Amino acid sequence: VGSEMCIRDSYAELDPYGITISLVCALNHSPVIQDLLISCFEKWDAIEAIDILQNLKLEESWLIEYRDEVVEQLKSKEISA
């Protein structure tokens with residue numbers, strides 16, 4: 001349910017609970033849920049999620065690559081902000 005909310009809703013609609021909901025999703029070790037979590041942070045441009053993403057334990061190489069790309073995108077937004 002939390003992962004569906006992340007995809008469906010904007011960050012502003014979930015604020016201040018968006019990051020908390022996402023942390024619950026981060027505890028799930030399913031690659032599908034982890035993919036949705038990364039997608040949420042990417043969609044939201046959630047700079048505050050960089051640490052969460054960097055500490056996310058991932059096993060799938062494609063998911064690690066996707067996470068790293070999103071972290072780099074968010075870091076570049078942080079620098080330009």
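Not measured: the values here are computed from a predicted model.
Note that CG of Leu37 and OG of Ser30 are 11.5 Å apart. Values are rounded to the nearest 0.5 Å. How far CG of Leu74 is from CD of Glu69: 12.0 Å, rounded to the nearest 0.5 Å. Distance CG/Leu56 to CD/Gln34: 5.0 Å, rounded to 0.5 Å. With rounding to the nearest 0.5 Å, the separation of CZ in Arg67 from CD in Glu72 is 10.5 Å. Atom CG of Leu36 and atom CD1 of Ile38 lie 9.5 Å apart (nearest 0.5 Å). Summarising the geometry, atom OG belonging to Ser39 is positioned 11.0 Å from atom CH2 belonging to Trp44; distances are rounded to the nearest 0.5 Å.
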Next item on the list: Starting from the C-alpha separation in whole Å, work towards a yes-or-no answer on side-chain contact (heavy atoms from CB on, under 4.5 Å) for Gln54 and Lys75.
Entry: CA-CA 11 Å; Gln54 289 176 323; Lys75 283 182 176 180; 3.1 Å; yes

Checklist line | Working for side-chain contact (heavy atoms from CB on, under 4.5 Å), residues Phe41 and Ile52 | finding: CA-CA 10 Å; Phe41 290 143; Ile52 296 168; 4.1 Å; yes

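With sequence neighbours excluded, no residue forms a salt bridge (Lys or Arg N to Asp or Glu O under 4.0 Å) with Asp68. For the side chain to side chain contact (heavy atoms under 4.5 Å, CB included) test, residues two or more places apart in sequence or in another chain that qualify with Gln73 are Glu42.
Taking every heavy atom of both residues into account, Asp51 and Asn55 meet most closely at O-ND2, 2.8 Å.
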